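Right, one structure below, let's go through it.
Order of appearance sets the numbers: ligands from 1, and atoms from 1 within every ligand. Hydrogens, waters and symmetry mates play no part in the numbers below; they use all other heavy atoms, side chains included. None of the values given here were measured: they were computed from a predicted structure.
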Amino acid sequence: MADQPQRVRERRTYEKFQPPKRVLLGPGPSPVEDRILEAMAAPVLGHLDPLFLGCMDDIQGMLRYVFETDNRVTIPISATGSAGMEAALVNIIEPGDEVVVCIHGVFGERMRDIVERAGGKPIVVRAEWGHAIERANIEAALDSCKPRALAIVHAETSTGVLQDLTGLSELAHERGALLIVDAVTSLGGHPVGVDRNGIDVCYSGTQKCLGAPPGLAPITFSERAIERIHARKSKVQSWYLDITMVEKYWGDDRTYHHTAPISMNYALREALRIVCEEGLEARWQRHELNHRALVAGVEAMGLEMNVAREQRLWSLNAVRVPDGVDDARVRARLLNDFNIEIGGGLGPLKGKIWRIGLMGSGSTRENVLLVLEALHSALNEEGFRCSSGVEAAAAVY
Ligand SMILES: *Cc1c(COP(=O)(O)O)cnc(C)c1O
């Protein structure tokens with residue numbers, strides 16, 4: 001009976017939990033460098049300790065660099081990427097507001113759900129999963145209503161599609177709408193360029209291309225967005241995510257709001273230090289190069305990518321599962337025989353694609369060659385004959 005869930009309250013001792021070090025090449029979390037884990041083991045400070053306030057200042061400064069913004073309100077929300085999404089939407093939307101929501105995967109759907117919960121009216125623009133949203137359709141949707149905001153996912157992790165942001169801020173701003181962008185799987189891996197692209201609210205997560213554990217959601221608000229929030233008639237519906245209150249802790253007031261997750265902030269600080277040491281441009285180039293090598297290898301094996309070349313993410317690679325191959329069994333082989341985690345498809349792509357993440361410190365030549373070799377071996381064991389992609393990938397470097 002020892003394996004049954006405990007229904008009676010009783011004292012029991014448990015073994016220490018000692019997970020293996022997996023090669024995390026799925027849709028997130030991405031591998032966490034030892035430097036970051038060591039930073040998390042530092043002594044916990046009080047959340048108003050002057051030394052911790054200094055740590056917060058460093059994080060804000062480095063986040064501005066990574067977001068490419070001068071926005072004053074640039075902070076990590078104390079919760080995962082989805083809380084960044086929720087914070088972005090609930091601070092801007094008041095009941096009755098119309099919001100154009102672009103949906104081409106799981107995360108666009110999640111935005112629509114949050115807009116409705118906040119009392120807003122989503123005006124939906126769709127593209128088939130695996131394709132980017134058409135600009136003309138966004139324009140038509142903006143013209144069909146009085147939009148408070150345009151919300152779009154930059155890097156759709158569920159499909160591997162990169163959405164071009166060029167010109168979207170002009171489309172939104174000409175109509176009095178704010179531009180809200182989900183950069184959870186692009187920040188630190190692809191150029192996001194908050195100020196360059198005129199983005200008003202942009203959020204991310206720590207466990208994708210930034211390479212820290214999950215737990216914080218970096219977010220940044222333009223002055224235009226902050227003015228909008230100050231002009232609200234109703235209170236932000238979420239107490240925890242009300243940025244006007246959160247900002248009093250991260251801004252000059254240093255007023256207690258909630259206890260910052262101290263160790264997670266140490267982790268983020270160290271992850272951002274790594275980004276700064278490498279430099280954003282070099283980091284983007286690394287993500288692009290490893291993506292190109294993976295694609296060359298995958299195609300040399302006779303497999304196909306699910307997204308058109310010009311719309312592919314560097315951080316998340318959607319590979320079609322060949323006919324007759326069991327998607328889950330191949331993933332299980334990778335995990336059990338090679339210690340590698342990759343992702344399966346979601347929604348309409350379930351069973352149809354593998355999602356290979358090359359994010360943060362996971363985006364390396366070594367991992368590209370490793371996952372190609374593992375995939376080759378697992379496919380052959382499943383009876384799908386194919387050649388190795390390793391040579392073709394190596395030729396890219
Ligand atoms: C992972 C992800 C999220 C949600 O982040 P969580 O940390 O899982 O809450 C939101 N948007 C996109 C595009 C993501 O990839």
Please step through ring pair (Phe, Tyr, Trp, His ring centres under 6.0 Å) for the pair H257 and W239, ending with a clear verdict. CA-CA 10 Å; H257 177 257; W239 180 89; 4.3 Å; yes
Donor on one side chain, acceptor on other, R355 and T157, under 3.5 Å: no
List, ordered by chain and residue number, the protein residues whose closest non-hydrogen atom lies under 4.0 Å from any atom of ligand 1. T80, G81, S82, F107, R110, V153, A155, T157, D182, V184, T185, Q207, K208
Using the test ring pair (Phe, Tyr, Trp, His ring centres under 6.0 Å), find all partners of Y256 that sit at least two apart in sequence or belong to another chain. H47
Side chain to side chain donor-acceptor pair (under 3.5 Å) filter on R224, not counting sequence neighbours, yields H173, D200
Any donor-acceptor pair under 3.5 Å linking the side-chain atoms of S158 with those of E156? yes
Just jot down the ring pair (Phe, Tyr, Trp, His ring centres under 6.0 Å) partners of H376, sequence neighbours excluded, or say none. none
